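Notes for the one structure printed next.
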Amino acid sequence: MQIGLVGKPSCGKSSFFKAATLIDVKITGIPFCTIEPNVGIGYITTDCVCKKYGVKCNPQNSICKDGKRFIPVKLIDVAGLVPGAHEGRGLGNKFLDDLRQASVLIHIVDCSGTRDAEGKITTNYDPSFDVEFLEKEIDLWFAGVIKRAIEKFARISTSSKSDLIQVLTENLSGLGITKEHISLALEKSSIGNVERFANVIRRISKPIVIAANKIDLKSSQENFEKLKEKYKDLLIIPTSAEAEIALKKASEKGLIEYLPGDDFKILDQSRLDEEQRKGLETIKNEVIKKYGSAGVQECLNKAVFSVLDYIVVYPVADINKLSDKKGNVLPDAFLVKNGTTLKEFAFSIHSEIGERFIGGLEAKTKRKLGADYTLKNNDVIEILFKR
Ligand SMILES: Nc1nc2c(ncn2[C@@H]2O[C@H](COP(=O)(O)OP(=O)(O)O)[C@@H](O)[C@H]2O)c(=O)[nH]1
Ligand SMILES: [Mg+2]
């Protein structure tokens, strides 16, 4: 699964990316400093089931720290988008292309009001304009592709709905849009109004979470309240990418105890210099006390669990030992779409396991499970298949 980070130039995309991945990327405040997208691994966090089962786990492709499981996801930091991007302004077409495979977008909004729509320094800028223009640019980009697909459909002179779905699927698959997305969108809207249809299908295939960024600044805090008031149906999470970077750095140096998404604790006051002490104090007072956390982790988690409606499933080779064949306890944590059946899950692990699928066993109840069993959050599952 891929999460796309989008927003106008200098809103803090690269900072958010760095905060989430700890990959050193260019952060400048100069618009268009990122041209090639940065791709990296960030983590979704959840309470690991090791606590519930009273075992010490031994993750292979994820991390468990103090009972918190860190599950990797791919993040993509795309260059800044400006009004007119869908027509190619500011290399907009290329940048939009970089977003094709994203399942969900985090729109980083500079809430401070100190940057205009192009990322240039200004005062009293209203960030709600960004919320609207960015969504519109993506919708218009979708609309362009959909229009071409509809023209193609008109040429093959048929009016059957399944042919329409077929043509749309072929033409839109490059945008990460599936047949299911298209069927769902056609239930809600007709293709008669292309722009509306584009909006509906974009909401389904690339929903947006808003990161109200730079929340450490006073002007951002006022603008954040206004945004929440204005867009009651949007998920808006206050973030300070800069604070998250500072906390992770301080934690790496052993200066503080910090798990992403939580509060932090200073380990030894005497090891901090004056600048560090002041910085941490500001983060505590302006960010943590007011909003609970630096927000970056919450944004990633909400994107996956609330917006995409994913759950976590732990496949094992032996439900009694809760381990794989090599004895690693709770080795894997998989993110799967809520509603996934056991057999679909088997296929997603490996096509061969899917083809040889017999059934499954659930660790807590030791119950036998059939192909149609719907996976639940935190299930520990052994899949049975013909050897
Ligand atoms: N105060 C504050 N500044 C930030 C925050 N995030 C980013 N910035 C600053 O905003 C400017 C642009 O950041 P950058 O990550 O390069 O933005 P991008 O162009 O969207 O990738 C830089 O000067 C950052 O230091 C934040 O959370 N708080
Ligand atoms: Mg950047």
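The residues of the chain are indexed from 1 along the displayed sequence. Nothing here was measured: the structure is a model prediction, and the numbers come from that model. Atoms within each ligand, like the ligands themselves, are counted from 1 in listed order.
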**Study point:** Working for side-chain contact (heavy atoms from CB on, under 4.5 Å), residues Phe70 and Ser62
**Key:** CA-CA 6 Å; Phe70 291 71; Ser62 47; 5.7 Å; no

Practice item. Assess Gly80 for proximity to ligand 1: is some non-hydrogen atom of it under 4.0 Å away? Key: no

Check your understanding: What atoms of ligand 1 come within less than 4.0 Å of a heavy atom belonging to Asp216?
Key -> 1 (N), 2 (C), 26 (C), 27 (O), 28 (N)

Check your understanding: Is there a donor-acceptor contact under 3.5 Å linking the side chains of Asn223 and Tyr125?
Key -> no

**Study point:** Numbered atoms and elements of ligand 1 in range of Asn213, under 4.0 angstrom, heavy atoms
**Key:** 5 (C), 6 (N), 27 (O)

Check your understanding: Can Arg387 be said to sit on top of Phe385's aromatic six-ring, NZ or CZ under 6.0 Å from centre and within 45° of the ring axis?
Key -> yes

Review point. Do Lys284's NZ or CZ and the ring of Phe264 fall within the cation-pi criteria of under 6.0 Å and 45°?
Key: yes

Point to revise | Numbering as shown, the atoms of ligand 1 that approach Ser240 to under 4.0 Å (heavy-atom distance) | key: 27 (O)

Review point. With a 4.0 Å cut-off on heavy atoms, does Gly7 reach ligand 1?
Key: no

Point to revise | Atom indices of ligand 1 within 4.0 angstrom of Ser14 heavy atoms, with elements | key: 15 (O), 18 (P), 21 (O)

Review point. Of the backbone atoms (N, CA, C, O) and the side-chain heavy atoms from C-beta on, which set of Leu217 has a member under 4.0 Å from an atom of ligand 1: side chain, backbone, both, or neither?
Key: side chain

Practice item. Would you check if the Mg ion (ligand 2) lies under 2.8 Å from any N, O or S atom of Ser14? Key: yes

Review point. Which ligand 1 atoms are under 4.0 Å away from a heavy-atom of Lys13?
Key: 15 (O), 17 (O), 18 (P), 19 (O), 20 (O), 21 (O)

Exercise for review: For the residue pair Phe129 and Phe133, categorise the inter-ring angle as parallel (less than 30°), tilted (30 to 60°) or perpendicular (more than 60°).
Suggested key: tilted

Check your understanding: Any donor-acceptor pair under 3.5 Å linking the side chain of Arg203 with the backbone of Pro207?
Key -> no

Study note, to complete from the structure: Residues at least two apart in sequence or cross-chain that pass side chain to side chain contact (heavy atoms under 4.5 Å, CB included) with Ser293, listed by chain then number, are Glu298

Check your understanding: Looking only at N/O atoms, are Asp77 and ligand 1 under 3.5 Å apart anywhere?
Key -> no

Practice item. Examine Gly12 against ligand 1 and note whether any of their N/O atoms are separated by less than 3.5 Å. Key: yes

Review point. What about Leu335 and Val380, same hydrophobic cluster or not, with Ile/Leu/Val/Met/Phe/Trp/Tyr joined at side-chain heavy-atom distances under 4.5 Å?
Key: yes

Review point. Any N/O of Cys11 closer than 3.5 Å to an N/O of ligand 1?
Key: yes

Review point. Quick one: does Thr239 get an N or O within less than 3.5 Å of an N or O on ligand 1?
Key: no

Check your understanding: So is there a nitrogen or oxygen of Ala243 less than 3.5 Å from a nitrogen or oxygen in ligand 1?
Key -> no

Considering only distance and modelled atom types, tabulate donor-acceptor pairs under 3.5 Å from the side chains of residues 144-151, sequence neighbours left out.
none

